[in-house]
There are 2 protein chains.
Amino acid sequence: MYICEKDFMKSSQLYKGSLNTIIMKLLEENGRMYGYEITKKVKEITKGELKITEGALYPALHKLEAEGFLEVEVEKVDNRLRKYYKLTESGTTETVNRLSELEEFIRNMQTLVNPKLSY
Amino acid sequence: MYICEKDFMKSSQLYKGSLNTIIMKLLEENGRMYGYEITKKVKEITKGELKITEGALYPALHKLEAEGFLEVEVEKVDNRLRKYYKLTESGTTETVNRLSELEEFIRNMQTLVNPKLSY
DNA sequence: AAATATACATAAGTTTCTTATATATAAAAG
DNA sequence: CTTTTATATATAAGAAACTTATGTATATTT
């Protein structure tokens with residue numbers, strides 16, 4: 001007897017490259033967030049359809065910080081470490097750009113995939 | 001004096017993973033196409049905003065063929081080689097799946113990025 | 001006492017691209 | 001007539017962005 005739940009689960013995949021945009025948009029909206037909070041928020045908003053893995057999230061946050069788009073404040077809550085991230089000034093500008101690129105991508109994909117509607 | 005047109009060009013990027021879906025959708029719609037034709041079609045439909053590079057396209061076609069989703073017919077037109085691709089039966093099924101995953105991705109992204117509209 | 005939730009992190013490997021290069025024929029431009 | 005552009009395919013090297021697995025540590029629930 002096989003128990004293999006994974007076979008019945010949807011991949012719930014992101015298109016690669018969209019993670020940064022998601023992070024930046026959430027920070028734009030919520031002011032500041034910590035990593036674990038971001039994973040919970042995405043899961044909540046998408047009703048469990050998108051799951052951000054830590055292996056993707058933390059390197060992405062570190063890279064965005066290294067690029068100067070995010071700044072971090074470390075706090076201790078309930079004796080546990082939290083790293084709160086927020087957008088820098090250039091991060092806010094970059095967020096606007098990436099969101100419009102995302103919108104363009106979505107428009108293009110809808111034109112390709114659903115030519116009848118032609119948004 | 002610098003001539004550096006690339007600096008003024010938009011990245012015209014795809015989110016990684018979307019290329020296969022584009023190929024499969026175009027084949028679903030047009031019956032059969034050859035590689036070069038696909039690059040031209042995408043450029044035309046998106047008014048030059050998306051450009052499929054050969055370095056991405058041909059390996060993608062070969063992989064889809066190896067996975068059994070595409071089959072190929074080689075023809076010689078004007079003394080030049082053409083490889084026409086079309087969806088197999090399992091490729092047609094897979095196309096339906098990938099298109100619904102794309103739609104789900106777009107829905108999720110719109111929920112995340114534009115929570116006020118909540119499609 | 002063990003499992004789950006919270007909170008971070010990194011290393012190894014895979015997939016999917018970009019960029020560059022290569023071959024070959026036909027047509028257009030200079 | 002020679003070079004560039006268009007047509008048509010292909011692959012190799014490297015970069016980017018993930019997945020999967022593992023690790024640490026504390027708090028809460030079972």
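Chain letters run A, B, ... following the sequence lines, proteins first, then strands; residues in each count from 1.
Within residues 57-64 of chain A, the residues approached by DNA chain C to less than 4.0 Å at the level of any non-hydrogen atom are A:Tyr58, A:Pro59, A:His62, in residue-number order. For the contact set between residues 33-45 of chain B and DNA chain D, defined by any heavy atom under 4.0 Å, the members are B:Tyr34, B:Gly35, B:Tyr36, B:Lys40.
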Check: protein-nucleotides 25-27 of chain D nitrogen or oxygen pairs below 3.5 Å:
residue : atom : partner : partner atom : Å
D:dT26  : O3'  : A:Asn79 : ND2          : 3.2
D:dT26  : O2   : A:Arg80 : NH1          : 2.8
D:dA27  : OP1  : A:Asn79 : ND2          : 3.2
D:dA27  : O4'  : A:Arg80 : NH1          : 2.7

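D:dG23 atom C1' lies 16 Å from atom CG of A:Leu81, rounded to whole Å. Going from atom NZ of B:Lys83 over to atom C1' of D:dA10 covers 9 Å, rounded to whole Å. Nucleotide C:dT15 holds its P atom 17 Å from the OH atom of A:Tyr15, rounded to whole Å. Atom CZ of A:Arg32 is separated from atom P of C:dA7 by 13 Å (rounded to the nearest Å). If you measure from atom CG of B:Leu70 to atom C1' of D:dT9, you get 16 Å, rounded to the nearest angstrom. Here the C1' atom of nucleotide D:dG23 and the CD atom of A:Glu54 are 12 Å apart, to the nearest Å.
Side-chain atoms of A:Lys16 and base atoms of C:dT15 include a donor and an acceptor less than 3.5 Å apart.
Between A:Glu37 and A:Lys41 there is no salt bridge, since no side-chain nitrogen of the basic residue lies less than 4.0 Å from a carboxylate oxygen of the acidic one. Ion pairing between B:Lys40 and B:Glu44 fails under the 4.0 Å rule for side-chain N and carboxylate O.
Looking at residues two or more places apart in sequence or on another chain, you find a side-chain hydrogen bond (donor to acceptor under 3.5 Å, both in side chains) between B:Glu73 and B:Arg32. For the side-chain hydrogen bond (donor to acceptor under 3.5 Å, both in side chains) test, residues two or more places apart in sequence or in another chain that qualify with A:Glu28 are A:Lys25.
Residue pairs meeting the ring pair (Phe, Tyr, Trp, His ring centres under 6.0 Å) criterion with at least one partner in residues 42-90 of chain B, sequence neighbours excluded, are B:Tyr34-B:Tyr84.
A donor-acceptor pair is defined here as one N or O able to donate and one able to accept, closer than 3.5 Å; such a pair exists between the side chain of B:Thr88 and the backbone of B:Gly68.
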